[in-house]
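Being a predicted model, the structure only gives us computed values, none of them experimental.
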Amino acid sequence: MRHYTTDSPEALGRAVAIALMADGAIDSGEMKTLERQGIINRIGLDSGRFAKVFSDYCEDLLISANRLPNGQLELDSRTISLLLDEIRDPVLQRKIVRAILDIVNADRCLTGGEAGFVAQALRHWDI
């Protein structure tokens, strides 16, 4: 996985990308939530820069993730912790947790992958 500067908009964007892909696919409701809530702009990115962060995350995911029997890709908890370490400012951590919760609740169906990512972020940042 590539690394971003601590507390950078790109590090925040990757956390959003992880939330979007936590259930293995992007739901249209999640995209609507991104737009309606202005999440991309709130974390300091424009749509082009977020698209680059998201694309880079997907590329890294293909290289670094574990493939589950159903074909879905999954990052191990150690890797997720390393990525979460790139967001250290408590204000930014709370901002991202709010964004993550909005995203995973967009389709009103919390999957195991989404719940696991939310739980790990909350534990990791002691929220």
Side-chain angles (χ1 to χ4, degrees):
M1 287 284 182
R2 66 196 77 212
H3 294 283
Y4 294 117
T5 303
T6 300
D7 295 333
S8 67
E10 289 79 11
L12 300 173
R14 181 170 43 208
V16 169
I18 294 169
L20 286 169
M21 294 299 292
D23 62 357
I26 300 175
D27 178 90
S28 64
E30 293 170 343
M31 294 307 292
K32 287 177 186 172
T33 296
L34 278 180
E35 290 177 27
R36 189 174 50 249
Q37 301 289 337
I39 291 171
I40 302 307
N41 291 330
R42 283 191 324 199
I43 62 173
L45 294 173
D46 59 30
S47 60
R49 283 176 59 204
F50 177 71
K52 173 72 171 133
V53 169
F54 185 79
S55 175
D56 289 347
Y57 171 69
C58 289
E59 184 179 299
D60 290 346
L61 189 63
L62 286 170
I63 295 167
S64 303
N66 302 316
R67 186 172 301 276
L68 300 177
N70 66 3
Q72 188 173 341
L73 299 172
E74 177 182 77
L75 290 177
D76 60 66
S77 62
R78 181 182 173 281
T79 301
I80 292 174
S81 287
L82 290 171
L83 301 178
L84 293 173
D85 274 344
E86 292 181 354
I87 306 169
R88 296 194 182 150
D89 181 324
V91 172
L92 294 176
Q93 292 169 350
R94 287 189 296 279
K95 181 186 281 191
I96 286 299
V97 165
R98 280 191 298 275
I100 289 168
L101 290 172
D102 287 343
I103 291 165
V104 301
N105 287 312
D107 62 0
R108 303 199 186 279
C109 179
L110 189 66
T111 67
E114 291 170 332
F117 178 56
V118 169
Q120 185 170 354
L122 293 172
R123 275 191 315 270
H124 188 85
W125 293 327
D126 199 27
I127 296 175

Any side-chain heavy atom of Y57 sitting closer than 4.5 Å to one from L75?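 Yes - at least one pair of side-chain heavy atoms lies under 4.5 Å apart.
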Walk me through it: do F54 and I40 pass the test side-chain contact (heavy atoms from CB on, under 4.5 Å)? CA-CA 11 Å; F54 185 79; I40 302 307; over 6 Å; no
Quick one: side-chain hydrogen bond (donor to acceptor under 3.5 Å, both in side chains) pairs with a partner in residues 92-112, sequence neighbours left out?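 Those involving residues 92-112 are T111-E114.
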About how many Å separate [atom2] of [Y] and [atom1] of [X], when rounded to the nearest 0.5 Å?
| X | Y | atom1 | atom2 | answer |
| --- | --- | --- | --- | --- |
| L45 | I39 | CG | CD1 | 12.0 Å |
| L20 | I26 | CG | CD1 | 5.0 Å |
| L84 | I96 | CG | CD1 | 10.0 Å |

Looking at every heavy atom in both [X] and [Y], which two are closest together, and how far apart are they?
| X | Y | result |
| --- | --- | --- |
| G29 | D27 | N-OD2, 2.6 Å |
| H3 | R14 | CA-NH2, 4.3 Å |
| P9 | I43 | CB-O, 3.4 Å |
| T33 | A106 | OG1-CB, 3.3 Å |

Filter on salt bridge (Lys or Arg N to Asp or Glu O under 4.0 Å), then keep only pairs touching residues 30-41, sequence neighbours left out; what's left?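 Every candidate salt bridge (Lys or Arg N to Asp or Glu O under 4.0 Å) pair involving residues 30-41 fails, so no pair, neighbours aside, qualifies.
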Going by the salt bridge (Lys or Arg N to Asp or Glu O under 4.0 Å) test, which pairs reach into residues 41-50, not counting sequence neighbours?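 Residue pairs with at least one partner in residues 41-50: E10-R49.
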Treating [X] as the side-chain partner and [Y] as the backbone partner, does any N or O pair qualify as donor plus acceptor under 3.5 Å?
| X | Y | value |
| --- | --- | --- |
| D89 | D7 | no |
| Q120 | S77 | yes |
| S55 | A51 | no |

Can you check side-chain contact (heavy atoms from CB on, under 4.5 Å) on L12 and V16, steps first, answer last? CA-CA 7 Å; L12 300 173; V16 169; 5.9 Å; no
Taking [Y] as the starting point, is it possible to reach [X] by hopping between hydrophobic residues whose side chains are less than 4.5 Å apart?
| X | Y | result |
| --- | --- | --- |
| I63 | M21 | no |
| I127 | L83 | yes |
| V91 | V97 | no |

Test side-chain contact (heavy atoms from CB on, under 4.5 Å) on M1 and L82 and set out the steps. CA-CA 9 Å; M1 287 284 182; L82 290 171; over 6 Å; no
Is there a side-chain contact (heavy atoms from CB on, under 4.5 Å) between F117 and V104 once you walk through the steps? CA-CA 10 Å; F117 178 56; V104 301; 5.7 Å; no
